[in-house]
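To start, the structure under review is shown below, and the notes come after it.
Naming convention: chains lettered A, B, ... in sequence-line order (proteins, then strands); numbering from 1 in each chain. For clarity, every value in this text was computed on a predicted model and none was experimentally measured.
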Amino acid sequence: MTRPRLFAPYRIDFGRPPAGRRQRLVTGPMAAERYNAREAEAHWQKVWAEKDIFRTRNEDLRSKYYVLEMFPYPSGRIHMGHVRNYAMGDVVARFKRAQGFNVLHPMGWDAFGMPAENAAMANKTHPAKWTYANIAAMRDQLKSMGLSLDWSREFATCDVEYYARQQKLFLDFLKKDLVYRKLSKVNWDPVDQTVLANEQVIDGRGWRSGATVEQRELTQWFFRISAFSEDLLGALDTLERWPEKVRIMQRNWIGRSEGLMLRFETVAETAPDGAADIEVFTTRPDTLFGASFIGLSPDHPLAAKVAAGNSDLAAFIAECRRMGTSVAVLESAEKKGLDTGIRVRHPFVEGATLPVYVANFILMDYGTGAIFGCPAHDQRDLEFARAYGLDVVPVVLPDGADRASFAIGAEAHTGGGVMINSGFLDGLNPQEAFEAAASELENRQLGGRPQGARKVNFRLRDWGISRQRYWGCPIPIIHCEACGVVPVPDCDLPVKLPEDVTFDAPGNPLARHPAWSKTSCPACGGAARRETDTMDTFVDSSWYFARFTAPWADTPTERAAADAWLPVDQYIGGIEHAILHLLYSRFFTRAMKASGHIGIDEPFAGLFTQGMVVHETYRAGDGSWASPAEVAISGEGGQRRAVLKASGEEVRIGPLEKMSKSRRNTVDPSDIIDSYGADTARWFMLSDSPPERDVNWTEDGVNGAWRFVQRLWRLVAESGEIMAPVGSPPPSPGGGAAMALRKAAHRALHSVGQDLERLRFNRAVAAIYELANQLVADAAALRDAPGGEPDTAAALREGIEILIQLMAPMMPHLAEECWRACGHDTLVSQQPWPQADASLLVEDTVTIAVQINGKRRDELTIARDAAKEDIESAALALDNVTRAIAGKPVRKVIIVPQRIVNVVV
RNA sequence: GCGGACGUGGCGAAACUGGUAGACGCAAAGGACUUAAAAUCCUUCGGGGGGUAACCCCCGUGCGGGUUCGACUCCCGCCGUCCGCACCA
């Protein structure tokens, strides 16, 4: 196909930016026309697609680089957060490709989940139809961004080909005992009518519906993530290219604590039959002498047993259950309890017994659901003890405190010190006392077993994955009256979702389907029933990164491909997935290794969490929100005002907030790309703000990016006649403008390379601006030079080509257009990254500051390798220096070569 | 409450391991070009003071101390903003 060449530029029709800008550029001798982003972008996207240059081959023998951005949920439209995320990933992909790596950069869809069912209820469209239509729309949008993706590997998690393999993984995990079923109290979302994981309950509300969560007992499927607690925690230290913040969050989430399992013997006549002892978990066995009660969770079996014959206790337990989840209000909830009448013997104090309470602040699913309370050294126990008049005996005397007068007031002492009131532990510090008490209890027998045992406990709980929904991956299990729970045999996979379902009632459409669940037992052949629960959608996203390495395989992974590509070298996404998605993926990697699907330990070697896209908000007098498109901003003298375009009513300009539908402060990426082009949007998303921080979307900012796009194009277009022809060698070392230009280009090359390597896009942007400014000035000077300067003309070509290559990862379409305009018939997307010439990076002379007593007084330009004595004498000879010294004796001169001179007087 | 991050011009930000604070961009002001506007180009742009001028001086990275020849950077103590976790025994 023919393309307009440099001096046969495009006809301009560039809708927005504002109509008045639709003009020919008439300054400058060359009169280049504006860059038409819309046309150029469509053209280059077509060229890339036709030449299929972003397809990745597993057979390629070059070093691999796997860059992945968190795949989107197909809501129907991309948002600015996607633009930022995918722009970053694409820069990395293009940069690494130019560096010679075999880059894997795939895209897919996190396509199961509630919104599709909600849409089905609202619009009577089938979830599959809705989802695939959304995917088609979003795919088009992503393609308009010019991302260098290998679309041949695309899949959606709702594709049968994908979830069939997920079912296989489920069955394999089951064989490895990494999946199990148990009756458990679950968080029930009454609006979505489904079970939620603990992590999906935020402040007592469903993370998606926002409804107040209730407690129910159901038999649920669980992934045994706790089997890897220790490893998931320990391996965090190996993830050096993860943000410290994320590692800390995961560490806290896993919550390892070392302590002691300890059994207290009950006083027989006070305890129900069979309750010979009560086991607690404690991390403070050193404080045992300060124990004044035992606390049981309201859900503790012993509590239930006692409650059977104690209506007060039964009522109290019921009350606790009601409080249970519904209340994040629990924050300030008072400590409450009820004495069961049971008493236990103190293990160390002969004859002493402690009361056993049921208390509302004790969790059943941590430790044993029972504790011993030491009020003096635990704030919760102290509050409880104060409420019920229990003893508060200090057993740790803080350093520096007076033994005689020390007493516990409103605050428990949780720090260190020395043991007191503690029998054989007296005089030890708490660590020593921990050891001594633990050893003692390990050696003591109670009921034929050691009374104590050291135990490491984790906060991390197993991952409940059962969801009572239709639009998810069916759990491949069959329930048989005779044989019980029977896995679907591999050869019967996949268990496909039925298509004929209804959404006109709440609850699970699968469960009420008339025929789907009816089947025969694979073991006995008798009538049986399919599991109607589907998997949590977090399961889908826990292994997609592995599937991309061989999405065509009829097994979950192709082992060789997975091992060759993984781990992902650079994973990029939002901080909101710091715990759930990333922890689940780490679990899946281990489980897939255990079941032979993968050979690695950690899925993501490098993680980057990008900031949000924020925008100011506009609110009218009646409290309604206005969208950026609806308001006009005027800015007289720094006082910005916003009025509604339609009515002229003034609206209040509110603070920056994450773009959201509720505040209506969103900007549609498609609008931006249609009017400014993808390159402008990408460039703006990468400029200014550091990528891990929030970026403020502003009209001015986009306009600035758009102006720069035009400026670059103008530079290239207008330099066509004055720069040296294609293939001209750069001038050999010398002096003058040509060398200065070469140095500037190579310096930029060097620093942009470093910045991209470290994902510091905003710095790379600044360096590119700087080089462009330099080139524009040099091009202008060259144009004015009579007869031209051959060296400068050659240096200009080198500089411009470097500039084009530096911008190519961020503004790929413009870069192609410029590359072509420079006379190349290759694609810049396929050019190797240029090498900076080290000899051009060092200057012969350096300018260093000269300080007197640490205040800068002058600067000194001197040979780079000047001797200290020469620097000193040159510095002391400076006018400003002699004046500032004013005859005072010089006490000391500090010289750091190439950095600074400091004269101390 | 616990844990973490961050406070630099009007704004987004730079500043490599302690070495010229404010690169680069946005906004703003002035000027050139234009019948005019847009676009483009040039200049100024942390605060205060002095000088006809080239320039010079003082203050300045949330606040108060400290270490150092020298601190945005390190240490101690505050204040503020944001984000996690939240009865985990």
Scan every strand shown for a Watson-Crick or G-U wobble partner of [N], both distances under 3.5 Å, and answer none if you come up empty.
| N | result |
| --- | --- |
| B/G1 | B/C85 |
| B/G46 | B/C59 |
| B/G7 | B/C79 |
| B/C41 | B/G31 |
| B/A53 | none |

Protein-nucleotide distance ([X], atom [atom1]; [N], atom [atom2]), rounded to Å:
| X | N | atom1 | atom2 | result |
| --- | --- | --- | --- | --- |
| A/Q851 | B/U68 | CD | P | 17 Å |
| A/K455 | B/A89 | NZ | P | 12 Å |
| A/Q710 | B/C41 | CD | P | 12 Å |
| A/D694 | B/C83 | CG | C1' | 10 Å |
| A/N696 | B/C26 | CG | C1' | 11 Å |
| A/R899 | B/A15 | CZ | C1' | 11 Å |
| A/W706 | B/C26 | CH2 | P | 13 Å |
| A/R763 | B/A23 | CZ | P | 14 Å |

[X] side-chain N/O to [N] phosphate OP1/OP2 under 4.0 Å:
| X | N | value |
| --- | --- | --- |
| A/R711 | B/C41 | yes |
| A/R856 | B/G19 | no |
| A/Y366 | B/A89 | yes |
| A/N360 | B/C87 | no |
| A/K245 | B/G3 | no |

For [X], report the nucleic acid contact type (base, sugar-phosphate, nothing); a contact means any heavy atom under 4.0 Å.
| X | result |
| --- | --- |
| A/R256 | nothing |
| A/I248 | sugar-phosphate |
| A/N457 | nothing |
| A/N773 | sugar-phosphate |
| A/E770 | sugar-phosphate |
| A/S257 | sugar-phosphate |
| A/V896 | base |
| A/K335 | base |
| A/I362 | base |
| A/N762 | sugar-phosphate |
| A/R891 | nothing |

Of the nucleotides [options], which has the atom closest to the [X] side chain?
| X | options | result |
| --- | --- | --- |
| A/R693 | B/C41, B/A86, B/A14 | B/A14 |
| A/D688 | B/C69, B/A89, B/G12 | B/G12 |
| A/W253 | B/A14, B/A86, B/A15 | B/A86 |
| A/R707 | B/U20, B/C85, B/A27 | B/A27 |
| A/R459 | B/A89, B/A86, B/A23 | B/A86 |
| A/I900 | B/C69, B/C56, B/U20 | B/U20 |

Spacing of the [atom1] atoms in [M] and [N] (rounded, Å):
| N | M | atom1 | result |
| --- | --- | --- | --- |
| B/G51 | B/C56 | C1' | 8 Å |
| B/A89 | B/G80 | C1' | 34 Å |
| B/C74 | B/G7 | P | 11 Å |
| B/C26 | B/C76 | P | 41 Å |
| B/U68 | B/U81 | C1' | 31 Å |
| B/C45 | B/U8 | P | 22 Å |
| B/G10 | B/G22 | P | 16 Å |
| B/C6 | B/G62 | C1' | 11 Å |

Stepwise, does the side chain to side chain contact (heavy atoms under 4.5 Å, CB included) test hold for A/S689 with A/R84?
-> CA-CA 11 Å; A/S689 292; A/R84 194 173 191 210; 4.2 Å; yes
Could you say whether A/S689 or A/F361 is positioned toward the 5' end of RNA chain B, judged by the nucleotide with the nearest heavy atom to each?
-> A/S689
Between A/D381 and A/Y769, who's closer to the 5' end of RNA chain B by nearest nucleotide?
-> A/Y769
Would a line drawn from the ring center of A/F384 to the ring center of A/F293 be shorter than 6.0 Å?
-> yes
Given A/Y676, A/F708, A/W706, the one that forms ring-ring contact (aromatic ring centres under 6.0 Å, His included) with A/W683 = A/F708
Any N/O donor-acceptor pair, A/D700 side-chain to B/C26 base, under 3.5 Å = no
Report the C-alpha separation of A/V881 and A/L860 in whole Å, then their side-chain angles, then the decisive distance to 0.1 Å, and conclude whether the side chain to side chain contact (heavy atoms under 4.5 Å, CB included) test is met.
-> CA-CA 11 Å; A/V881 174; A/L860 176 66; over 6 Å; no
Which class fits the ring pair A/Y357 and A/Y388: parallel under 30°, tilted 30 to 60°, perpendicular over 60°?
-> tilted
Taking [X] for the side chain and [Y] for the main chain, is one N or O donor matched with an acceptor at less than 3.5 Å?
| X | Y | answer |
| --- | --- | --- |
| A/D679 | A/L814 | yes |
| A/R459 | A/W253 | yes |
| A/T282 | A/L260 | no |

Syn or anti for B/G9, with syn set at within 90° of 0?
-> syn
Return the minimal non-hydrogen interatomic distance between A/E230 and A/F458, and the atom names on each side.
-> OE1-CZ, 3.5 Å
For side chain to side chain contact (heavy atoms under 4.5 Å, CB included), just list the numbers for A/R711 and A/Y35, CA-CA rounded to whole Å, side-chain angles, deciding distance to a tenth of an Å, and then say yes or no.
-> CA-CA 9 Å; A/R711 188 170 141 90; A/Y35 172 67; over 6 Å; no
